[in-house]
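Everything numeric in this text was worked out from a predicted model, so none of it was measured. Residue numbers begin at 1 in each chain, while the letters A, B, ... track the order of the sequences. What's counted below: heavy atoms across the whole structure, side chains too, no hydrogens, waters or symmetry copies.
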Amino acid sequence: MPRSLASRPRSAVLIATVAATALTLSSCGGSAEDSSSDIEPVVVATTEGAMTDMTPGMSQGSNVDYALFTPLTKYDASSGDVENAVAESIESEDQVHWTITLEEGWTFHDGSPVTAQSFADSWNLAADPANAMDNNGQMVIFEGYDELNPVEGEPTATELSGVEVVDDLTLEVTLTEPNQLLPYRLSSTAFSPITEETAADPAEFARAPIGNGPFMVEEGWELGAQDVTLTRFEDYSGDAAGLEQIQLRIYQDPSSTYTDFQSGQVDVALIEANDLTAAEENSSGEVVEVTLPALIYLGFPTWDDRFADVDVRTAIATAIDRDAIVDQLLEGHGTAATGLSPDVLAGADQVDCPTCVYDPEGAADLLESAGGWDGPLELQTYADPVNEMVLQAIANQLSDNLGIDATMSTAPIGQVYDNLRAEESDGPFLLYSGAAYPHVYAQANALMATTGGLNMTKFSDPAFDEALSGAKAAADLEQAAQQAADAAEIGLAEAPITPIFYPSAGIVHSEGLTNIQAELLGGVNIAAIERG
Amino acid sequence: MLPALPVALILVVAIAPGPFAGIFGNGDPRVCDLANSRADPRPGHPFGFDVQGCDLWANVVWGTRSSVLIGILVTLGVLIIAIVLGTLAAYFRRWVDMLVSRSLDIVLGFPALVGMVVVLTTIGQRNAFTVSAVLILFGWPGMTRVMRGSALAVVDRDYADAARGYGASSWRVMWRHVVPNAIAPVLVLASLAVGTMITAESALTFLGIGLQQPAISWGVQLNSAQAGFRQHLHLLLAPALFLSVTVLSFVVFGEAIRRRLDPSHQRSVR
Amino acid sequence: MTSVQATTATTDLATPVVRVRDLSIEFATRSGRSTAVKKMDLDLHPGRTLAVLGESGSGKSATARAIMGVLPPGGSVTSGTVEVHGVDLLAMRPKEQRRVRGPVVGMVFQDAQSALNPVLPVGYQIAEGARAHRGMSRKAGRELAIDLLDRVGIADPRRAVDRFPHQFSGGMRQRVMIAGALAIDPEVLIADEPTTALDVTVQSQILQLMLDLRDERGLALMFITHDMGVVATIADEVLVMYDGHVLERGTRDQVLHAPEHAYTRALLESVPSADNRGRELPVVAAGVGRGEVVEVIEPESDVEVLSRPGNDVVVRAQGVGRDFSLASGGDWWRPGRAGRTTAVHEVDLTVHAGETLGVVGESGCGKSTLARMLTGGLAPTRGRVEVLGRDLSALTRGERLEVLRDVQLVHQDPSSSLDPRLSAGAAIAEPLVVHGVGDTASRRARVLELLDLVGLDPDHANRLPHQFSGGQRQRVEVARALALEPRLLVLDEPVSALDVSVQAQVVNLLMRLQRELDLAYVFISHDLGVVGHMSHRVLVMNGGRVVEEGPVAQIEDDPRHPYTSQLLAAVLRP
Amino acid sequence: MLGYIVRRLLASVPVLLGTTFLIFVAVYALPGDPITALAGEDQTISPAVRRELTERYGLDDPLLVQYVNYLTGLFVGDFGVDFRGVEVSYVIARAWPTTVLLALTAWVLMAVFGIGLGAIAGLRPGGVVDGAVLAATTVLIGIPFFVVAYVGQIVFGLEFGWFPTSGTRDGWPLSYVLPAASLAIFGVPELARLTRASILENRYADYVHAAVAKGLSPMRIAVRHVLRTSLIPVVSMLGLSLGGLLGGAVLVEGIFNVPGLGYAIFTAIGQQNGPVVVGIGSLVVLVFLGVNLLVDLMYGVLDPRVSLDRRG
């Protein structure tokens, strides 16, 4: 259906999910297992986008990626912490040089052992520009990336100099700058290991992946296949999967999954917020609502003189009634933003957002004292039904509370970003930002740092940048979280962006299934599902 | 002519929606309160409220304007192109006909919807005029084809020949004899096209490439209604009802024109 | 041999196969109901021909269609019986009717082109009746069709049987039609003007065929026609209809030679021919007659009033010819195939002021192409056309327009040569507007003058073409042609679409205009009678060539070319 | 006949060139940077990767060079590689059968209902069926199709459970009924009206009267004489409607999650995946031209008056 046509930034296309509210519905955490194989396999809906290329360098962090691959570390949905998975330890003295030791006994689905080389191969493959892999940019943390990816001219290296295999179970990694958050980053499937065969010919394994995750595919699938069966990997070294088999039902467009769920064709599906109300009112099946580790925010084009004054930005930000938008417009399916990320992300609950309050009178006074507003105001977003709905409501509120003639317009997503990058837009814009890894630092860095990947406001504040760098170089994770939160507050006080809400999605599942959890950045945790 | 009444009424609403919107009290489509979001109909608000908490009746009435404007604009555009190209092709034949017929084939060969998506995405600008222009761009071949066929028949009639015989210029023959006599089937198609084009606009908007807020049109309303129509059916029904009635009025009107122009009404529209 | 002999059959006259009594037919029109046929009686006897004579709208076709149950929409029988072998056909149930219509009474329609389904092979259409009624197999039906095609005179019937109607000529199609009716072996055959659209030579062949079939099979034939010549050829009894009423009935000789009713007499006298050459024709006042009261306006004098030609040459053609490339004219990327056809070979002709040059020929002989070349509508491939001494091809566009004001074309079918949306006044004024003659007021005056000249009333100026009768339309067309005061009118079959009585009016008008305005005419027609009536000289065309040229008397009495003789022999005379 | 086909094929060359070029230009002009779209807006793309991709897809060549390269490939049956590294011919091959099946099913439904209803109405004008058909077709024109599709999905798929609500897992015909019916509904009213008008036109033709005068049964006359001739314009419209059906497939395939060409091309437009858009676009145009040729050949069969060698 058309609403998903306009793709969101990537992590959103995947309907990314960190289960902030991460519920374990039923507490029977045991492996009450159903061994009778003649029972119909549990059908889990997924999107075609998640199934195009499963090579870690191309992976998108979907729940299927996590079912097939297990990286060095793993995010715990219930606590919000990062734990070791394949790694036995990840240690550093200076946050630049790291020693990674692997746990013994991990094997790939084909029986070959998971070694230090398996990780080095994967990272080198992704870092090589000749492969033009999507996750090439993530390898930037490793020393030697610049030699492989020079700004101009030919590469002067073929492998990352910062990744060194010491022995089968030990890696020595050198980073380009101190980064206390490395364990968080390594939990991404982009950093999963690959077999020797995959390294030699990645295209061959794109849709017949040999991973090290809790599930395996016995045969590959064709592009466009409608069903793919996953079988439990019995030699998995982590927590064994709850079900013997899972049938993935691949949707081109996730919007019809709810209808299919109702008609009994699907057992577990991630549904969009629009369908949540219907799902809650409907008796068939059960619903788990999850808050996405993402933020919908309003950004200001700081290159436009009209928004140069922080008071003007603050006035606009505080004239928005976030609670009304979430409660009325979104029918409660979302969370009014009080910071940069849902609280479950590390450090997120320590962020205070001065512009996230609703104070219409104060906003009007503030705008008045800043010189008032002249002329129309055009808000922008890309074509997406929720974005359009929310932005229209914001426009209405600005008109009502500030007396500004506010309207909205939409454009194709590519054009919106192109215009912003070229500084050709002249109105505040409503955008989505998903956390690249479960840490408030990720959002703060992406949205407000001078070099941030999603810094569309062209905001640049040395004080903020410095504070944020300090967080990365912090002595421990706790301190890193606190410093990142402090930095975020510095940025938010300048109001280059103002957070609006954290979007929600829902997992519906048929009765008889338990332990339905959200996976990091990718829908339901497939391995956790149990019958019972 | 009785069938003209609904069309006339719709035109009046399109030109001056204000009084009609205000019949039940709240006539301003932009007075919105999120507290009323998706609220059901209640006294003073016969159609209830839309997602933004605006009065749906006022919105639907105001939506008549852009929907009907687009319908008429596109039909006029297509009609003019059809008359000009169809007549020229039929009158001059040879390379003019070849050119017109080939371009016609090219556009017809294009799956129109896909073409419109590509072009509208490319333009980026989406207002009543660009949407109309795109609908015209992909809508002209059908009517042009009919006009060409109809004009071909007229050009072959003796009176066109007779006019040339007493020295009338090509321009005069086309304008005074060919066009008036060939236009009937195209006019009928045109009256039907108004309705079709209104639906087409709503389809484009549904695809997210038609009009967009803050424009008020039935397509925009239907588009925003599809999100939650299962819980709030009135969101979908109100604009759909108006759309259907409008299209129907124009269809009935076209049918009446057809009967009038073709008393035997045995001749096919095409 | 093409002359037709009527043989009088001697069958029992007492028991008619079909007996129509008190038949009335009405049509629903916008302005209410109108009576098409009023209390009609007729009998059809085996082996005999009843000719129903009448002009358009007289109710003759409606009678036939009512018998066959194919009245056009809106038509209905309001009273009367149609007894076939003593049983009333109209009272039967549809299923029983189908056992009569077809098997007992067959029908041949006027226009075989439209009465044959264009998308079915003729063999199928001939056999389908027999297959339906006699349960004949497809194969047997095919054999039957081949037999019948052979019988109606179609060469190579085994191949013809699989062809489609459009692959046949008009006369052949009519034969196919007849074969289709005969396939069910009816006792009665109703033929509704089956030869009207055909050339004279073909017409006489078809009539002969029908007479042969009548005698061979003892058919009772009902033959509907407006043509006195046809009546004289084929009828045993005649029934004259006018406005739904039977005005006169009797044997052929009685009606043709001793008509009782004034209308019948007027009809007979108003047929133009060399015999009444140059004389004014009697006219039935159109629309005056209601029922049995018909007003006939007899000519004021019975003397020849043909104009005397002058010596000025108005138009001269020298060796003009025209080729057409074939329809498969190729595509845009390559020129048409070599296929070209010659419509007109080298033709020479001269027309003087006040003179009528008759051009006679059958369809496809190049008459119309010649007409268009003379009026500048079509450029000749060869030779040249001079109008008042100026060579058309040597003139600039503007000069040509000026010169061509003196030459105007009058089309065959006035119903299509007048723009249906322009009033008569506007149509007549059009040439004046185009040439910038006068202002609005003076043009209006000129229109009234022209209307008066062609015998129409001033208030006719505001009427639209469809509000005129056929004859009146032809008058409007003539008035338009005269608007620019031309010296020459090229008349392309100006009266062939008109009824006899109307034809007489137009012929009278044309002759009067010639005398008054000293006009030269090129009068093109397939009808030797009309040409003989009003021409000074005649040009006979065949296959795009002029085969004979000379004064009327010489052509009529002493034809030198065999084609001319053939043409003359095929003419049916009352 | 053969000569005609060859000439027609030659004549479609400029049309094909024209349309593919137009699609090419339009895709070229799509806003946004395809490389950014490829990786995702929030991904950082190193200049080296950008160079590699630009090189790989020839993105910095002038438009005409790209077009000529594309055509050369097309000439040997190579549709190129899309921006996700998948052979476009592969994308087409997997989506093609589904869409063809869907479009053909819709086509048949449209023909059966359109012609059937039109014929009943036309043979008994003014009757109850005629009135009902006229009313129903008029109302149908006024309802936006997606409303019809959703309602059909919910009523027949969900409430009654007669048909699957989405996907093509249950194969033909079960899985195809709902989407095909939604697709066919666009065409039924117009087709029914055309059939009705065409029948009314032929009902009182002389040859029908001639058939009555032969005492043929009404059924035989209706089928053999009236319908046969009346269907000629209908066939040509059916042919033309295929383009519309393929276009409509875009919407319907999305709503019913049918993995076909329509959805592929629509997604590709969203992702600025030019090669897929151009590839599928060219293919659809090619199919359209082919179907038109077929329709014209059919015309020759249905209407012997039409001599194919004389049509340009």
Within this structure, what is the CD-CG distance for the pair D:Glu52 and A:Asp128, rounded to the nearest 0.5 Å? 8.5 Å

By ring-ring contact (aromatic ring centres under 6.0 Å, His included) - contacts of D:Phe21 (at least two apart): D:Tyr67

If I measure from the heavy atoms of chain D, does A:Gln265 come under 4.5 Å with its side chain, its backbone, both, or neither? side chain

Among D:Ser46, D:Ala264, D:Pro47, who wins on heavy-atom pairs under 4.5 Å with chain A? D:Ser46

Taking CZ in D:Phe24 as the centre, count heavy atoms belonging to other residues, nucleotides or ligands within less than 6.0 Å. Is the count above 12? yes

Answer key: most heavy-atom pairs under 4.5 Å with chain D among A:Thr52, A:Asp227, A:Asp53 is A:Asp227

If you compare all heavy atoms of A:Leu148 against all heavy atoms of D:Ala48, which two are closest, and at what distance to 0.1 Å? O-CB, 4.3 Å

Against chain A, label D:Val252 side chain, backbone, both or neither, depending on which of its atoms sit under 4.5 Å from a heavy atom there. neither

Has the side chain of D:Arg51 got a donor or acceptor atom that lies under 3.5 Å from a matching backbone atom of A:Glu154? no

A:Glu222, CD atom: more than 12 neighbouring heavy atoms under 6.0 Å: no

Which one, A:Asn419, A:Ile250, A:Val151, leads in non-hydrogen pairs under 4.5 Å with chain D? A:Val151

What part of A:Asp146 lies closer than 4.5 angstrom to a heavy atom of chain D: side chain, backbone, both or neither? neither

